[in-house]
Amino acid sequence: MVQYALVVFLYWFLRSHFFLMFLAIMSIVPFLSILSVFILRRKLEVTLEAPEREQSREDLGFLRMVIKNPTWILSYDANIRLQTESCFYGDTGDVRISVPIRMHSTYEKMIPLRYSMNGMYRYRLDGINMRDFLGFFSLSKKVRSETEVVVLPPMEGQKVGDLSDMSRGMTESEETMKRGHDFSDVSDVREYIPGDKLMSIHWKLSAKRDILMVKDRVSMSDQQMVILTELSGEHAQVDEILTLTYGVCMSFVREQVYVRLLWWSEGRYSFEERQIINKESLKEAFSDLYYDRIYEDTEKTGELMRSIHPELKAYVHICIRNGEADAEVVEQD
């Protein structure tokens, strides 16, 4: 405003056409600058995605934010609101990211992430606030883009205890559980040999190679290990339980033992059950588990197991004992 008043005074005092032209430019350009941010708001697109939807807790992860500006309008000052939520633990957060909006370009920003706890994490772009290139005016735009990341316990370095002692909780697989399921693990893929089962054909790979390929499977044990994981306690304690559960399940899968993983769901008021026969099914089970919530009553699951699953003579119960996660074989009467 001081500069504008000075130019007006100089034009009035000197009656110069140069100052008249300069005064006209100073009057029009701010208007065009403010108008440009309205156009930019309409055309700008912002999206968020996770390059890796599954992430190990020990690894460094990233979010990719893409800003598409099809116009020749720029903004030096744009702030994007990124909301974060831990679905399992119920924690939320809000982050502001300042980025420039370049003319007629697609700008990608990689946001590094380091996870300290397991769980399902949801990231959502809530909106963007942009200022015109002269800094006179700012506008907000609602943005609806979100993504999720599943954070799994690390694969190595976990203390899982003595598996031979846990084997006391192993029972024979029920015939009704086997029916309709193939409890075997894929060990290799090879060319088709006459006599192989049609259900073993790897159709996608066969189409790529233009020759029939089959999955070579290793049969799992005819016994099952029932594992009940406790979802009650402090956040750090439940995180230790999840880490130990993952390690125990993975150890039994490597031993080719069929695992039934159970946990109590407060929302459904029932036990959720997943069949674990390989690494992929274990990841899927944990992805489903992360949509449940922590509950308070630590004695609930033991009592409900006796009433809802009286047929189980024994199972492995993973919970907090003496301040740390532990696995213990529970024998039911």
- [ ] Kindly compute the distance separating OG1 (Thr92) from CZ (Arg124), expressed to the nearest 0.5 Å.
- [x]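 Separation between the atoms: 10.0 Å.
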
Taking atom types as modelled and ignoring hydrogens, do the side chains of [X] and [Y] form a donor-acceptor contact shorter than 3.5 angstrom?
X	Y	answer
Thr301	Glu230	yes
Asn69	Ser105	no
Asn129	Asn79	no

- [ ] Can you sort out the partners of Phe271 under ring pair (Phe, Tyr, Trp, His ring centres under 6.0 Å), two or more places apart, ordered by chain and number?
- [x] Trp264, His309

TODO: Would you check if Thr229 and Tyr246 make a side-chain contact, meaning some heavy-atom pair closer than 4.5 Å?
DONE: no

Task: Identified side-chain hydrogen bond (donor to acceptor under 3.5 Å, both in side chains) partner of Asp132 from the options Ser33, Ser36, Ser138, Ser75 - done: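 So, applying the side-chain hydrogen bond (donor to acceptor under 3.5 Å, both in side chains) to Asp132 and each of Ser33, Ser36, Ser138, Ser75, only Ser33 qualifies.
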
TODO: For residues 106-116, pull every pair meeting side-chain hydrogen bond (donor to acceptor under 3.5 Å, both in side chains), keeping only residues two or more places apart or in separate chains.
DONE: Tyr115-Tyr123

- [ ] Among residues two or more places apart or on two chains, list those pairs meeting salt bridge (charged side-chain N to carboxylate O under 4.0 Å, His left out) that have a residue in residues 31-55.
- [x] Glu49-Arg64, Glu54-Lys283

TODO: Check the surroundings of atom NZ in Lys141: do more than 12 heavy atoms from other residues, nucleotides or ligands lie under 6.0 Å from it?
DONE: yes

Task: Pair Phe137 and Phe38, ring centroids less than 6.0 Å apart - done: yes

Task: Residue that, paired with Ile101, satisfies side chain to side chain contact (heavy atoms under 4.5 Å, CB included) out of Leu74, Val37, Leu40 - done: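 The single option meeting the side chain to side chain contact (heavy atoms under 4.5 Å, CB included) with Ile101 is Leu40.
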
TODO: Compare every heavy atom of Glu272 with every heavy atom of Ser265, then report the nearest pair and how far apart it is.
DONE: CB-CG, 3.8 Å

